[in-house]
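Everything on this sheet refers to the single structure shown next.
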Amino acid sequence: MINIKLKDGSKLEIQEGMTILDVAKKISEGLARVATCGEVNGEVKDLRYEIKEDCELVIDTFDSNLNGKKAYWHTTSHIMAQAVRRLFPDAKFAIGPSIDEGFYYDFDVEKPFSDEDKAKIEEEMKKIIKEDLPIERFSLSKDEALKLMEGQPYKQELIEELPEGEEISFYKQGDFTDLCAGPHLMSTGKIKAIKILTSSGAYWRGSEKNKMLQRIYAISFPKASQLQEHLDFLEEVKQRDHRKIGKDLEIFMTHKLVGSGLPMYLPNGATIRRILERYIQDKEISLGYEHVYTPSLANVDLYKTSGHWDHYKEDMFPVMKMDNEEMVLRPMNCPHHMLIYKNKMHSYRDLPIRIGELAHDFRYESSGSVCGLERVRQMCQNDAHLFVRPDQIKEEVGKVLNLIVEVYQKDFGFPESAFQYRLSLRDKNNKEKYIDNDEMWETAESQLREILKELNIDFYEAEGEAAFYGPKIDIQIKTALNHDVTIPTCQLDFALPERFELEYIGEDGKAHRPVVIHRAILGSSDRFISFLLEETKGMLPLWIAPVQVKILPITDNQHQYSYDLKEKFVAEGIRVEVDDRNEKTGYKIREAQLQKIPYMLIVGEKEVETNTLSVRSREGGDLGTRRIDEFLEEIKKKIENKK
RNA sequence: GCUUUUAUAGCUCAGUUGGUAGAGUGCCACCUUGGUAAGGUGGAGGUCACGGGUUCAAUUCCCGUUAAAAGCCCCA
């Protein structure tokens, strides 16, 4: 049963079995306001859920803020805080919100939590659950609240920042009271299966200038089986980590002698990269792009001219001083492409001009954020700069978005759920991070928004995610490690054309300033491959698989037949290997299967006699006997169709 | 960069309360010539990441460096 007390004091009782959506329909006004305003400003005064053990926990059909999971996890976070209070009486409490999967709580304690500490906390939490303490809500004035939180500097800091005159809510369970906006369950006994997952340091209020607190991540469920399912899921996700797949399938390696964030592509990985890079360049050529090569090393003045130096020099590799020159490894390619544009005079008729390059860039990513192929210190960007007239912005951005859809959805067939479109805006409260030109920002941001809407693309907006020179449309994915990263991006830039004084001659015979669109479709080859590995779990699509076909002779009587076959396939451009080792067929199949090779061709006496093949696929097992030509045509067609 | 943790054979990992190490797998050889996910026997692989310190003695304890993992910060 769900109890909802409205501001006027009346109570609304909801029948068991109703979803939160039903509830929302019933009193949609009130609930909707709670969803956006929290409990204080909305009409709904106090929203608390009671979740029956056998009740469906997921109620995210309506709004994540009204999610039953969140109330459940948030309640568990208070239980964790209470357990920490009991075991570590000197601990100072920061915040303990629910997150997408579970919750965390930040504590200021003498020493980081050890594994034993965490086990003890978990035990204590179970005790608190058993005590089934009722959870009470009450409100105080600011002064009273500050007094109650005596000795809790973080809580007091939070209270100080609340608007004057507002009543401040607390939740109390037994001997523990916490500043909290709710909502919560009715009592601690409603929580069933709990698990502390990890702990680590986290800065107070997310700023490295502040003290580092100790954060404990945990999760809870109404049923032990749900907890087990979740733990199994986490384990499964680990198996999908591109670093593991990359090692297992011999795609890339790293070596400490080379350095952190500097992966080396093994032959399999190099094949994947070559195919991807040729693919995207061919695609670009068909769309009117022109490719260039520019150096990875440049005079530091180039970046002073572009403005990158002021904004990002800490993230660049340090300057190399030569006789009279100061050189840097480039962190991006925009300045080079600006100069290429400037190399000659352009007519308005020439635009758009699309300059592309598979370019190596170097960024001094902090050691803690380097990660496999996902975050590296040298990467290969699938970069391009489109020089357009202001009246061409919409069409060109539209074309870029269409290209993204064609690549990701049509050719690769990634599910739409794999990525999200993000309109990345500047942070209006932190303007010094961005080029100073309010009008430009307003125009550019609304133009991008319009294009997204016109193309009917679902997107969300994120302030503070823009580039310093302009807003972007980023395509965000969630990695196996739950990192939120950008792969394709499309950025509007009114600033660099100004900086480099780019011009074209308009119909009126006068000089005009073009607009630049920065875009990357694969993002970087490196990050794209990490995504591809995780998304496919290593089952690379046939057209990309480093080895597409493996021929497995049963005995050495079939070796010559196998070599002849190989030649035939190679002549057709198929990547093929013969496993002529002295091993049994089952063994060879197992190995090819673990390498996730799309097709295994088993050839024994029977096949040699009839001039055929016995085909096995990594997904479907034995596909039966085929004629050679027939099979060749079949896979050639599949490669052509991609996906 | 910060907090914590970790580093033993090509890979996955045991182990040593301080006396220089082991399994599985892979690799090599031999036997086995086999039909859709692991045939048998034997062998070769390790200054226990690197540099210091403590100690009669360090792979083990301490400090530092490098690299990796989780989270935080950052991400043009």
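Here the structure is a predicted model, which means the values were calculated and not measured. Protein chains get the first letters and strands the later ones, always in sequence-line order, with residue 1 at the start of each.
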Could you run through RNA chain B and flag its stems, i.e. three or more consecutive Watson-Crick or G-U pairs with both distances under 3.5 Å? B:1-7 with B:66-72, B:10-13 with B:22-25, B:27-31 with B:39-43, B:49-53 with B:61-65
Nearest whole Å is fine: how far is [N] [atom2] from [X] [atom1]?
X        : N     : atom1 : atom2 : value
A/Arg590 : B/G39 : CZ    : C1'   : 14 Å
A/Gln214 : B/U4  : CD    : P     : 7 Å
A/Glu583 : B/C31 : CD    : C1'   : 13 Å
A/Asp115 : B/A69 : CG    : P     : 19 Å
A/Phe113 : B/U5  : CZ    : C1'   : 16 Å
A/Lys472 : B/C75 : NZ    : P     : 9 Å
A/Lys238 : B/G71 : NZ    : P     : 11 Å
A/Tyr104 : B/U4  : OH    : P     : 20 Å

Answer yes if the ring centres of [X] and [Y] are under 6.0 angstrom apart, and no otherwise.
X        : Y        : result
A/Phe88  : A/Phe113 : yes
A/His242 : A/Phe531 : no
A/Phe468 : A/Tyr434 : no
A/Phe631 : A/Tyr599 : yes
A/His385 : A/Tyr341 : no

Using atom [atom1] in both nucleotides, what's the gap between [N] and [M] to the nearest angstrom?
N     : M     : atom1 : value
B/A68 : B/G24 : C1'   : 23 Å
B/C50 : B/A7  : C1'   : 11 Å
B/A44 : B/A38 : C1'   : 22 Å
B/C56 : B/U16 : P     : 25 Å
B/U54 : B/U60 : C1'   : 13 Å
B/G1  : B/U59 : P     : 28 Å
B/G35 : B/C27 : C1'   : 27 Å
B/G45 : B/C28 : P     : 16 Å

Between [X] and [N], is there a side-chain N or O to OP1/OP2 distance below 4.0 Å?
X        : N     : result
A/Arg243 : B/A70 : yes
A/Ser306 : B/A76 : no
A/His483 : B/G71 : yes
A/Tyr587 : B/G26 : yes
A/Ser367 : B/G1  : yes

Are A/Thr479 and A/Glu534 linked by a side-chain donor-acceptor pair shorter than 3.5 Å? no
Tell me yes or no: between the side chains of A/Gln595 and A/Lys550, is some donor less than 3.5 Å from an acceptor? yes
Closer than 3.5 angstrom, by distance alone: can the side chain of [X] be matched with the main-chain N or O of [Y] as a donor-acceptor pair?
X        : Y        : value
A/Glu630 : A/Arg627 : yes
A/His255 : A/Leu262 : no
A/Arg363 : A/Pro331 : yes
A/Glu445 : A/Leu423 : no
A/Lys431 : A/Asn437 : no
A/Asp108 : A/Leu213 : no

Contact class for [X] (heavy atom, under 4.0 Å): base, sugar-phosphate, or nothing?
X        : result
A/Lys433 : sugar-phosphate
A/Lys247 : sugar-phosphate
A/Gly586 : sugar-phosphate
A/Pro112 : sugar-phosphate
A/Asn557 : nothing
A/Glu591 : nothing
A/Arg215 : sugar-phosphate
A/Arg581 : sugar-phosphate
A/Gly368 : base
A/Glu607 : base

What orientation do A/His78 and A/Tyr105 show, parallel under 30°, tilted 30 to 60°, or perpendicular over 60°? perpendicular
Of the listed nucleotides [options], the one nearest the side chain of [X]:
X        : options             : answer
A/Ile589 : B/A37, B/A76, B/U3  : B/A37
A/Leu594 : B/G39, B/A70, B/A37 : B/A37
A/Met212 : B/A70, B/C2, B/A76  : B/C2
A/Ile602 : B/A70, B/A67, B/G35 : B/G35
A/Met316 : B/A67, B/A76, B/C74 : B/A76
A/Val370 : B/C74, B/A68, B/A70 : B/A68

Side-chain donor or acceptor of A/Tyr203 under 3.5 Å from a matching atom on the base of B/G71? no
Side chain A/Arg205 and base B/C72 donor-acceptor under 3.5 Å: no
Using O4'-C1'-N9-C4 for purines and O4'-C1'-N1-C2 for pyrimidines, with syn meaning within 90° of 0, is B/G45 syn or anti? syn
Pairs under 3.5 Å (N/O, protein and nucleotides 43-47 of chain B):
none

So which one's nearest nucleotide on RNA chain B is more toward 5', A/Gly624 or A/Arg363? A/Gly624
By nearest nucleotide on RNA chain B, pick out whichever of A/Arg527 and A/Gly372 is the more 5' one. A/Gly372
